[in-house]
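Here's the structure, in structure tokens; my notes come after.
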Number of protein chains: 2
Amino acid sequence: MPETCPHNSAISCGNCRLGSICLPLALETDDVVKLDEIVQRGRPLQKNEHLYREGDHFTSVYAVRSGAIKAYRLTGDGQEQVTGFYFPGEIIGMDGISKDQYACSAKALETSAVCEIPFNRLEELSTQVPSMQRHFFQLMSQEITSDQQLITLLSKNSAEERIASLLISISARNARRKLSRTHFRLPMSRTDIGNFLGLTVETVSRVISRFNKQGLIAVENKEVTLLDLEGLKAVANVASDS
Amino acid sequence: MPETCPHNSAISCGNCRLGSICLPLALETDDVVKLDEIVQRGRPLQKNEHLYREGDHFTSVYAVRSGAIKAYRLTGDGQEQVTGFYFPGEIIGMDGISKDQYACSAKALETSAVCEIPFNRLEELSTQVPSMQRHFFQLMSQEITSDQQLITLLSKNSAEERIASLLISISARNARRKLSRTHFRLPMSRTDIGNFLGLTVETVSRVISRFNKQGLIAVENKEVTLLDLEGLKAVANVASDS
DNA sequence: TAATACACTTGATGCAAGTCATGGTGTCTC
DNA sequence: GAGACACCATGACTTGCATCAAGTGTATTA
């Protein structure tokens, strides 16, 4: 049966529409087959369903195939801290490797499909296929640099800069997946955005309203259109090509 | 000539006093020899000397052998953002893997010695020695989780909590190296501390003075003694065993 | 030992974002 | 379609930390 629904599991790495933006970058056809053999595709996750929880025994990393996943950890006093949003083609769960248990929880923001990649199999494959090892090192390094960007954002930037940066980041990640750079649906709540960016819901709401009034964006609930991407980049204080 | 000075380069992974807290954890003796063959030990870095700069072509990761290194990146508008402090036994430079160029600059806070580990050699060794691959995956994952902890700190915690957490973190890393848990020298300036924690120098200074008055710590310039580690942990809002 | 620069401390004031409160709007359930 | 509930928007008030402005060490050099 050919693929019809985006959450369909009758799919292989070879024919996945996400193609090289996921793991199989730079792999030979033979190696893609090997990867395909270890990837497990279960039923889709429903909204609010957990992929794994903080403290669970670490077994696998996951590639998001459709939908969106939020990663978060609990602070000492039980508050939630959102550490990232993961879109199709992105890999989640690499924080679990160091202590053999997940350091974050991962929860679906909407109905989502993921590919499970058992880590011990991935390790084996990585020793056999150097380009696989390299690619995985790169993915982890990317996670480090994106966390460091967030650190900078949190300690140096204003509320407006933070929110503009998030919108630009989502836009760029959409473009990578050949989706619209200017029009998309925010899969997460305002609360999640605020939590991720170190702001309160009220501030997020106010800033989004302000951007709307200023004509930088057009918002209707979760639907966002970036009307002035350059203007938004100016607000975000980022170089124009990023 | 036997080792006399802590910055001495006449040393090998086999006899390094840092032992397993660095890379050679869980390696067989033969494998340590292999690692030793690829590790390069240059002259010590003087204070304020750069190990590498943001944007430099990525070639190697570095193990700190003595001294202390600070990692930082420049924001769009040229401000500095300190992303981490690295002490003996810790590995720096893993952020460079993803784009084949360093995402941070690394600068010595005091006279320091480092072991250079060329990354392509490390990759080769990793395909040959699975425990090496695993250890390096773990190190990178650890970097991810520590960045995520910092993200939480920056977006959820007060100035007092941030500074208490930093003191506790340095204390714990000292303990790992079999050094005093309660008495140490801060190798970085107050400005660097503030920059790292998302605070101004003034706030750092005030909080440290307050901790001093409250009898939690005793400070004299860069020399710090933690007088009440439990009290400090209470201020930091962390579980007592971390 | 004086001179200079730089790192740190301390106090006074202002502001960006948090908190609290209220009302609106969309969405799910029965 | 009524009720319940989560989510979102917006106004009034509060506050923690930044900013500004001196002043006080503490190294470094001549």
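Values reported hereafter were calculated over all heavy atoms of this structure, with side chains retained and with hydrogens, waters and symmetry mates removed. All of these numbers come straight from a predicted model, not from anything done at the bench. A, B, ... follow the sequence lines: proteins, then strands. Residue 1 opens every chain.
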Q. Which heavy atom in A:Cys104 sits nearest to a heavy atom in A:Thr83, and how many Å separate them?
A. SG-OG1, 3.7 Å
**Q.** Within 45° cone and under 6.0 Å: B:Lys213 NZ/CZ vs B:Phe211 ring
**A.** no
**Q.** Nearest-Å distance for atom pair CD1/P, residues A:Ile193 and D:dC7
**A.** 13 Å
Q) Side-chain N or O of A:Asn221 less than 4.0 angstrom from OP1 or OP2 on D:dC8? A) no
Q: Take atom CD of B:Glu160 and atom P of D:dG16, then tell me their distance rounded to the nearest Å.
A: 11 Å
Q. To the nearest angstrom, how far is A:Phe211 atom CZ from D:dC8 atom C1'?
A. 17 Å
**Q.** D:dG16 OP1/OP2 closer than 4.0 Å to side-chain N/O of B:Thr203
**A.** no
Q: For A:Ser189, report the nucleic acid contact type (base, sugar-phosphate, nothing); a contact means any heavy atom under 4.0 Å.
A: sugar-phosphate
(Q) Does A:Ile208 reach a base, just sugar-phosphate, or nothing at all? Heavy atoms under 4.0 Å. (A) nothing
Q. What class does the angle between the rings of A:Tyr102 and A:Tyr52 fall in, given that below 30° is parallel, 30 to 60° is tilted and above 60° is perpendicular?
A. parallel
Q: Output yes when at least one side-chain N/O atom of B:Ser205 is less than 4.0 Å from OP1 or OP2 of C:dC8, else no.
A: no
Q: Rounded to the nearest angstrom, tell me the gap between atom CG in A:Asn48 and atom C1' in C:dT27.
A: 14 Å
(Q) In this structure, how many angstroms lie between the P atom of D:dG16 and the CG atom of B:Asn157, rounded? (A) 15 Å
Q) Reckon A:Lys222 has a side-chain N or O less than 4.0 Å from the OP1 or OP2 of D:dC8? A) yes
Q. Would you call A:Lys222 and A:Glu110 a salt bridge, using N to O less than 4.0 angstrom?
A. no
Q. So, B:Lys156 and A:Gln81: side-chain donor and acceptor under 3.5 Å apart, yes or no?
A. yes
Q: Tell me which nucleotide among D:dC8, C:dT9, C:dG18 gets nearest to the side chain of A:Thr191.
A: D:dC8
Q.
Suppose we call a contact any N or O donor and acceptor under 3.5 Å apart; does that hold for the side chain of B:Glu202 and the base of D:dC20?
A. yes
Q) Is there a side-chain contact between A:Ile91 and A:Glu143 (heavy atoms, below 4.5 Å)? A) no
Q) Just how far, in rounded Å, is C1' of C:dT25 from CZ of A:Arg190? A) 13 Å
Q: Before accepting this row, confirm whether a basic side-chain N of the pair A:Glu80/A:Lys107 lies closer than 4.0 Å to the acidic partner's carboxylate O.
A: no
Q: Give one of base, sugar-phosphate or nothing for B:Gly198, where a contact means two heavy atoms less than 4.0 Å apart.
A: sugar-phosphate
Q. At under 4.0 Å between heavy atoms, what does B:Thr200 touch on the DNA or RNA strands: base, sugar-phosphate, or nothing?
A. base
Q.
Could you work out how much the helix from C:dT1-D:dA30 to C:dC30-D:dG1 bends, comparing the axis of its first five pairs with that of its last five, to 10°?
A. 50°
Q: For B:Arg173 and B:Ser169, test the side chains for any donor-to-acceptor distance below 3.5 angstrom and give the result as yes or no.
A: yes
Q.
Counting distance alone, no hydrogens or angles: does the base of C:dG18 have a donor or acceptor under 3.5 Å from a partner atom on the side chain of A:Arg206?
A. no
Q: Could you tell me the separation between the CG atom of A:Asn212 and the C1' atom of D:dT10, rounded to a whole number of Å?
A: 14 Å
Q. Atom CZ of B:Arg185 and atom P of C:dA7: how far apart are they, to the nearest Å?
A. 14 Å
Q: Classify the side chain of B:Arg210 and the base of C:dT10 as holding, or not holding, a donor-acceptor pair under 3.5 Å.
A: no
